[in-house]
Undergrad: 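Below you'll find the structure I mean.
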Amino acid sequence: MIGQFLDFLGADLAHYWKIAAAVMPALLKGFVETLKLALVGILWGSFLGGTLGILRGQHIRVATPLIGAYLHLLRGTPFLVQLYVIYFVLPNTGYSWLQWDSQTAAFVSLGIYTSSYVTEIVSGAIRAIPRGQWEGAFALGFNRLKTLRLIILPQSIGLILPALGGVYVTLIKATSIVSVVGIVELMRQADISIVRFPGDILYIYFLAGALYFAFCFPVLMIVGRLEERSKNGRMVRA
Amino acid sequence: MRRILKSIATAVVAATAIAASTAAHAEDIMDRILQRGELRVGVQTQGEPVSFIDKNGDRTGLAIDLVTMMAKDLNVKLVIQDYDWKGLIPALLADKFDIIAADMTPTPERTAALLFSKPFFYQDTIAFTAKDKPFTKWEDLNTAGVSVGGTQGGTYIVAIKEFMPNATAKEFASGPASAQAVASGRVDAGVSSVSNVAAYSTSFDNLKVLDGVITREPLAFATRKENIQLKFWMDNYIDLITADRKLDRLLDYWWNTTAWEKDHK
Amino acid sequence: MEDFVSAIQSAYNFRIVGQYVDEFARGIGHTVTAAASALVLSLVFGLALALMRISGRRFLSHPAAAYIQIIRSTPLLLQIYIVYFGLPAVFPSMGRLPEIFLGIIALTMHTGAYMAEIIRSGLLSVPSGQREGAIAVGMTTFQQYRYVILPQGIVNIIPALLGQTAILIKDTSLLSLITVFDLVSAGMLLNSDRVRPNEAFLTIAAIYFVIYLLVLFLSRLVEDRLAGRGWRVPA
C-alpha cells in the first residue's frame, strides 16, 4: 500500500521534474527580463514620484493641480492603455525622439506608472504631518528645504515605507503586461511554455509564481527592515 | 472638470496622430522591404503546429516556415516579433512589422480594416469534452445548461454562439486554460482547432474528441490596408508554391501528418 | 474643421463603438460589481488582519504577517487560478458558484493583504497620547478604536487607500482569465472583431477614468467628513 503510494508519488515527481527541467531555462530567461523591467521601473519611478510628491506636498499654486492631473490620469486608466499610447500612438506624432523600441517604451511607461503611485504616497505622508511642525520650524528660522529634510521627511518616512513596498510589488503585475509590446518576460515565457505542456498549466504558473516570490519577498523584507529602523530612530529621539 | 477635459484632449491628440500617420507611409511597401533588407513579421504563440517554441527553444511551426521561405525568396532577412493577441493588431497598424503570420480568420469585419492574403490553409474547428461526459458528437452540446469554453476574441467563441445557441459560452484567456477547465470539470466541453485539441488530449488523459467538424476556417496572413502590393505579392506567392508543390510538402509535414513531432516535440 | 472631424472619425469611429454599447454595459456591470464587492470585503478583511498584526499576541500577529507577506509576494493571476481551480476541488459545493463569486473571493484575499498594510501604517501614525487619553477618560478598547484611533488613522491613509482602490478596479480585468466578461473583455472583443484598436483601448481608458473619478469624489467626501482640513499643511 505504502509502496504503491510511493511508486505513484515517484512517477508524479518524475513528471514534475521533467516539466521543470524543460521549462525552467525559458522561465529564468523571462525572470531576468522581468527583473530588469522592475528595477528600472522602481528606480526612475521612485525618483520621479519622490520629486513630484514633495512638490505636491507643498501646495504650490500651479504645480499642485498639474501634478494632481498627472497622477489621477495615470491612476485612473489601466497600464495596458498607457503602454498602448506610448508604444503605438506616440511614434505616429512624427517626432523622431518619440520613436521608441519596445524596450524603451516599456521602461518609460513602467517608470511613469510607478511614479503616479509614489507621488501620492509621498505627498500624502508629507501632508499627514500636522502644520504645527512646519510653523515651529519656521519660527526657529528654518527654511522650507531644511524643514522638509530635518523635520517633515523623517516623520513621514514611517508612513511612506510600508506603502512603497506595496507599490514595488504591485509594479510586478504591470511588468507582466508589457508582452503586449512584444517583450518576452516571465509571464509570457510561462504562457509560451504552457502552450507546449497544456496539461501542466497550474504547475507552470506555480513555478513562475515561485520566481516572482524570489523577487517580491526580499523587496518586502528590506522595506520592512527599513521601516523598523525608522521607527526605532524615532523612538530614540523622542 | 479640468482633469476630464485634459484626458479628452489626450485622446483626441492620440487619435488624430494615428490618422495623420497613415499619410506618412505613401512610399511603396515592397521598396521599403527591399531597401531595409528585412521582412518584419508579427507572430503569436498560439500553439503546435502553427507557431510555437520547440524542444530546442527555437520558434518554429507551419507559419514560421512559410515566412522563412518568403524572406529567402525575396533575398531579405527575416525578423520575427512575438506579440500577444492584444498587441498584435495594434502593432501591425502602428507599422511595427509588415505581416501578421498567425492563425487569423479573414472575417468580413476584419477584411474591412486589413488586407488579407488568399488563405494559406484551412483549419477545422472541433469540440472536446471529459471522458465521463455523455456527449458523443458536438451537436449534443447544443443543450440548455451545458457550458462550453473557448478562447477570448477568437473564432471558437463565435462558433459556439452560432452553432450551439442553447449552450452557455465561456470565454477563457487562453486555450490551455479552457482545456484545464474541461479536464477539471469547471465547464462541460471546449471548442478549439484540430491541432490544439490533439495537443490537449495528449496532455490531459481524461479528454475525448467529439465527432464532427463545426466549422472550417480559412487562415490567411494580414497586412495594412495601404500595403496593396504586398497583398498581391503574397497571393502570387501562394500560387507559385502551390504550383511547385512546396506548399503541399509543408502542409504534409506540419498539418496533415505528425511528421514534425519527431523533430520538434 | 471638416478635415478635423473626418480625421477624428477615421481614428476613432463612434459608430463602431456604438455597436458595442451592450457589450461595454455588460462589462462595466461586472467590473463595478467585482470591484465594489471586493473593496468592501477587503477593507473589512484588511482591518482584521491589521488589528491581528499589531495586537502584540504572537499567535495572532505571526499568521497575519505571514499571510500578508505571502500574498503580496505572489502574482494575483496565480491566486485567481488557485481559487478557481483549487477551491471547488476542496469544497465541491463551491463548483456551482458563478465565476464572478470566486473572482471576488480571490480579489478580496489579494487586496486584503495590501489594505492591511496600509491600515496598519495608518493606525501606527496615530500618536500614542491619543490612546492614553482615551483610556484616561474610561473608553473600552472598542470605543478607543471606534471614536479615537480609526477616524484619525484612516484620514492619514485615505490617499493610499484610494491608490489601492484604483489598482483593485483595474485588477478586476484579470477575472477575464476565469471567464468573467469585464470592461477590458468588451474592448478586446471590439479589437479582434473589428480590428479597431483605437476604439477599443481609448474607450476602455475613458470608462475606467470615469469610474476612478467617481471613487475619487467619494474619497474626498469621506476625508472631509472624518477631518476638516484646518490642521494640516500650511496652504
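Proteins come first, then strands; the chains are lettered A, B, ... in the order of their sequence lines, and each starts at number 1. What's counted below: heavy atoms across the whole structure, side chains too, no hydrogens, waters or symmetry copies.
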Undergrad: For A:Leu80, is it the side chain, the backbone, both or neither that has a heavy atom under 4.5 Å from a heavy atom of chain B?
TA: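 When you check distances to chain B, only side chain atoms of A:Leu80 fall under 4.5 Å.
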
Undergrad: Specify the closest pair of heavy atoms between B:Pro176 and A:Ile194, including all atoms of both residues, with the distance to one decimal.
TA: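 Taking every non-hydrogen atom into account, CB-CG2, 3.3 Å.
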
Undergrad: Cation over ring, B:Lys96 on A:Tyr87, under 6.0 Å and within 45°?
TA: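 Checked: cation-pi criterion met.
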
Undergrad: So which part of B:Lys265 gets closer than 4.5 Å to some heavy atom of chain A, the side chain, the backbone, both or neither?
TA: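 When you check distances to chain A, no heavy atom of B:Lys265 falls under 4.5 Å.
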
Undergrad: Counting a contact as any heavy-atom pair under 4.5 Å apart, which residues of residues 37-51 of chain A contact chain B?
TA: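 Contacts with chain B: none.
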
Undergrad: Can you tell which part of B:Asn196 gets under 4.5 Å to a heavy atom of chain A, answering side chain, backbone, both or neither?
TA: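 Looking at B:Asn196, nothing touches chain A.
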
Undergrad: Could you tell me whether A:Tyr203 atom OH has more than 12 heavy atoms of other residues or ligands within 6.0 Å of it?
TA: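 Enclosed.
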
Undergrad: Taking every non-hydrogen pair under 4.5 Å, which of B:Gln44, B:Gln180, B:Gln81 racks up the most with chain A?
TA: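 Looking at each option in turn, the highest pair count goes to B:Gln180.
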
Undergrad: Please state whether the side chain, the backbone, both or neither of B:Ala91 comes within less than 4.5 Å of a heavy atom of chain A.
TA: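 For B:Ala91, the contact with chain A is made by backbone and side chain together.
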
Undergrad: How many angstroms lie between atom CZ of A:Phe88 and atom CG of B:Asp95, to the nearest 0.5 angstrom?
TA: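 A:Phe88 CZ to B:Asp95 CG: 12.0 Å, rounded to 0.5 Å.
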
Undergrad: Going by residue number, which parts of residues 207-217 of chain A are within reach of chain B, meaning a heavy-atom gap below 4.5 Å?
TA: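 Under the 4.5 Å heavy-atom cut-off, nothing qualifies.
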
Undergrad: Determine the minimum heavy-atom distance between B:Ser203 and A:Gly199, stating which atoms define it.
TA: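 Of all heavy-atom pairs spanning B:Ser203 and A:Gly199, the closest is CB-N, 3.2 Å.
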
Undergrad: With a 4.5 Å heavy-atom cut-off (strictly below), which parts of residues 175-193 of chain A touch chain B? List them by number.
TA: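 Within residues 175-193 of chain A, near chain B: A:Ser179, A:Val180, A:Val181, A:Gly182, A:Val184, A:Arg188, A:Ile192.
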
Undergrad: With respect to chain A, which residue among B:Pro90, B:Ser174, B:Gly87 yields the maximal number of heavy-atom pairs within a distance under 4.5 Å?
TA: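 Winner by heavy-atom pair count: B:Pro90.
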
Undergrad: Could you please state which residues from residues 28-35 of chain A sit under 4.5 angstrom from chain B, measuring non-hydrogen atom to non-hydrogen atom, sorted by number, or 'none'?
TA: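 If one takes a 4.5 Å heavy-atom cut-off, no residue of residues 28-35 of chain A lies near chain B.
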
Undergrad: Within a reach of under 6.0 Å around NZ of A:Lys18, are more than 12 heavy atoms found that belong to other residues, nucleotides or ligands?
TA: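 No, not enclosed.
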
Undergrad: Taking every heavy-atom pair that is under 4.5 Å apart, which of B:Tyr83, B:Phe204, B:Phe52, B:Tyr200 has the most such pairs with chain A?
TA: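 So the answer, after comparing B:Tyr83, B:Phe204, B:Phe52, B:Tyr200, is B:Tyr83.
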
